[in-house]
Amino acid sequence: MNRLLFEGRSLVGIVSSVIRQDDKRVALSRLDWERMYRLSDYHKVANIVYIGLLGYRETVPDKWRDRFFKRYQESLLFGEHCGESLKEVLTWLDMREVSCTVLTSETVRGFYKLTETADTGAVQIFLEEEQYYLAKGFLVDLGYETDETYKGFGERMKKVSGVSLTLYRKLPFRTSKYTKNMIKILESAQIKEPYEHIWTLPAESELVYRMAKAAYNYATDDLTLREVLELMLCHRAWKDEIDDEILWKRLEEFKIDGLSEKILEIAYMWFGEKTDTFLVNRADDMLVYDILEERLLSRGIINHENDDQALKLQSLIEKEIEKEKKAEGKNIKREKISRFFGEKRRKLTWVFPDYHYMSSIYPSLERLPFLLPIFWLLRGMRLWWRSLTG
C-alpha cells in the first residue's frame with residue numbers, strides 16, 4: 001500500500017513541477033518505471049511526465065523513456081491537427097443539419113503554459129442516437145477508429161494523426177438525479193458561431209459539467225489526474241466570469257457540492273500556484289484531503305471514505321448497476337428460451353410442413369385438405385424408406 005501511494009504521489013510531484021514550471025524534486029531513482037509508465041498512462045499524463053524526465057537520461061531505462069516520448073509525440077501531433085480536424089468534423093455535421101452539443105471543447109488547451117502538455121482527448125460531443133451513428137460513419141470515412149468504448153454511452157475515436165474525439169449518444173451517468181440535472185446543462189447550450197446546428201456550453205455550464213463528472217468518477221474510482229488538473233485550469237481561467245453562488249447552487253442540485261469543492265481544493269493544492277486565492281477558506285483538517293488523495297491515487301484500493309455525498313452517490317450508482325445486471329440477466333434468459341422454442345418450432349415445421357408446402361408435393365391434397373395428417377404420414381414413411389435404401 002505504501003508503495004502504491006509513493007508512486008502516486010511521485011506522479012503528482014512530477015506533473016505539478018511541469019505544470020507550475022518550478023524546480024520541485026522527486027526521488028526518481030527509487031521508482032519502478034514500468035509501473036510509473038502504466039500509472040501515468042492511465043491518468044493520461046504520460047506526455048507531461050516525459051518533459052519532467054528531461055535531463056535524467058541515466059535514471060530512466062531507455063525502453064520506458066521511449067514509451068513516454070511516444071505519448072509526448074502524440075500530444076504534439078494532436079496540437080498540430082486538433083483545431084483543423086475539429087473544424088472539419090463540426091462543419092460537416094452542420095452542413096448536414098446534424099445537431100450536436102460540444103460538452104468540453106479544445107479551449108482548455110489554451111490554459112496550459114506548455115501546450116504540448118495538454119490532453120489528446122479533450123473534446124467531447126453529445127448527439128441523439130440516430131445522429132450519433134451518422135456522425136460515427138463520417139468519422140470512420142475520415143480515418144478515425146474506435147480507440148475506447150464506453151458501453152451503452154458512446155466511444156472515443158482516434159485518428160492516426162493523434163487527433164481524437166469522444167462521441168456520446170447517452171451521457172455517461174446512471175442515477176436519475178444526474179440525468180435530470182445534466183438535461184438542464186444541455187438546455188443551457190448556445191449556438192456556436194458561425195454554425196447553425198452546433199451547440200456549445202457556456203463557461204459556467206461546462207464547469208458544472210466537469211465538476212459533476214469529476215465527482216461521479218471519484219465515486220466510481222475512475223477519476224484521473226488529468227481530469228483533476230483540467231478542473232483546476234478551467235476554474236482558474238473562468239472564475240472571474242462566472243457567478244460563484246449559481247455554480248455551487250447547481251452542484252447542490254446534484255447533491256455533490258461539498259464533494260466537488262474538496263476535489264477542486266485538492267486540484268489547487270496539487271497543481272495550483274501560491275498566488276491562487278481559492279484555497280484561502282480550505283478545511284483545516286488535512287485528514288479530509290488525505291482520504292481523498294489515497295482513494296484517488298490508488299483507484300479505490302485504499303478506501304477510508306467518510307464523505308456523506310460520496311458514499312450516497314456511490315451507493316446509488318451501485319444500485320443502478322445491479323439493476324442493469326438483473327435486467328441483462330433476464331434478457332439473456334429470454335433469449336435462451338426464445339432460441340429453445342424457436343428450435344422446437346423449426347423441428348416441428350420440418351416434421352409437419354404447412355398445407356401449401358404439402359400441396360406442392362402432393363397435388364391431390366388440394367382436393368382433399370382434410371387428409372393432411374395422412375399425407376404427413378406418407379411423407380414421413382417415404383423419407384424413412386429413403387434413409388434406409390439410400
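Keep in mind that what you see is a predicted model, and the values were worked out from it rather than measured. Throughout, numbering of the chain's residues begins at 1 and tracks the sequence.
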What do you reckon, is [atom1] of [X] surrounded by more than 12 foreign heavy atoms closer than 6.0 Å?
| X | atom1 | answer |
| --- | --- | --- |
| Gln21 | CD | yes |
| Glu34 | CD | yes |
| Glu128 | CD | no |
| Glu84 | CD | no |
| Lys170 | NZ | no |
| Glu245 | CD | no |

Atom [atom1] in [X], atom [atom2] in [Y]: separation rounded to 0.5 Å?
| X | Y | atom1 | atom2 | answer |
| --- | --- | --- | --- | --- |
| Leu229 | Ser16 | CG | OG | 10.0 Å |
| Leu292 | Leu259 | CG | CG | 7.0 Å |
| Ile256 | Trp248 | CD1 | CH2 | 9.0 Å |
| Tyr144 | Phe138 | OH | CZ | 8.0 Å |
| Leu233 | Arg226 | CG | CZ | 9.0 Å |
| Asp240 | Ile242 | CG | CD1 | 9.0 Å |

Looking only at side chains, do [X] and [Y] share a donor and an acceptor under 3.5 Å apart?
| X | Y | answer |
| --- | --- | --- |
| Gln73 | Tyr50 | no |
| Thr120 | Glu74 | no |
| Glu273 | Tyr268 | no |
| Tyr150 | Glu155 | no |
| Glu230 | Tyr112 | yes |
| Gln314 | Tyr216 | no |
| Thr149 | Arg156 | no |

Hey, which of Lys151, Arg174, Lys319 is the one that makes side-chain hydrogen bond (donor to acceptor under 3.5 Å, both in side chains) with Glu324?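 It is Arg174, the one option of Lys151, Arg174, Lys319 that forms the side-chain hydrogen bond (donor to acceptor under 3.5 Å, both in side chains) with Glu324.
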Check for me, please, whether Leu90 and Tyr133 land in the same ILVMFWY cluster - side-chain distances under 4.5 Å, paths through other members count.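 Leu90 clusters together with Tyr133.
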Hydrophobic clustering (ILVMFWY, side-chain heavy atoms < 4.5 Å, transitive) - are Leu311 and Leu296 grouped together?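 Per the 4.5 Å side-chain linkage, Leu296 and Leu311 are not co-clustered.
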Backbone N or O of [Y] within a donor-acceptor pair of the [X] side chain at under 3.5 Å?
| X | Y | answer |
| --- | --- | --- |
| Ser85 | Cys82 | no |
| Asn181 | Lys177 | yes |
| Arg35 | Glu7 | no |
| His43 | Thr224 | no |
| Ser298 | Ile302 | yes |
| Arg30 | Phe6 | no |

Sequence neighbours left out, cut at 3.5 Å: what donor-acceptor pairs do the side chains of residues 189-197 make with other protein atoms?
none

Would Arg295 pass as a cation-pi partner of Tyr218, given that its NZ or CZ must be under 6.0 Å from the six-membered ring centre and within 45 degrees of the axis?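 Checked: cation-pi criterion met.
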Phe173 vs Tyr178 aromatic rings, parallel, tilted or perpendicular, using cut-offs 30° and 60°?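 Judged by the thresholds at 30° and 60°, the geometry between Phe173 and Tyr178 is tilted.
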For the residue pair Tyr37 and Phe68, categorise the inter-ring angle as parallel (less than 30°), tilted (30 to 60°) or perpendicular (more than 60°).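 Because their plane-to-plane angle is over 60°, the rings of Tyr37 and Phe68 count as perpendicular.
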Taking Arg9 first and then Glu293, would you say they form a salt bridge - that is, a charged N and a carboxylate O separated by under 4.0 Å?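 The answer is yes: the pair qualifies as a salt bridge.
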Test item: Gln131 and Cys100 side chains (from C-beta on) under 4.5 Å apart, heavy atoms: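 No; the side chains remain at least 4.5 Å from each other.
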Taking side chain as C-beta onward, heavy atoms only, is Asp147 less than 4.5 Å from Met157?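 They are not in contact (no side-chain heavy atoms under 4.5 Å apart), so the answer is no.
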Taking Leu53 as the fixed residue, which of Trp33, Phe69, Trp64, Tyr72 is the one that meets the side chain to side chain contact (heavy atoms under 4.5 Å, CB included) rule?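 That would be Trp33; it is the only one of Trp33, Phe69, Trp64, Tyr72 passing the side chain to side chain contact (heavy atoms under 4.5 Å, CB included) with Leu53.
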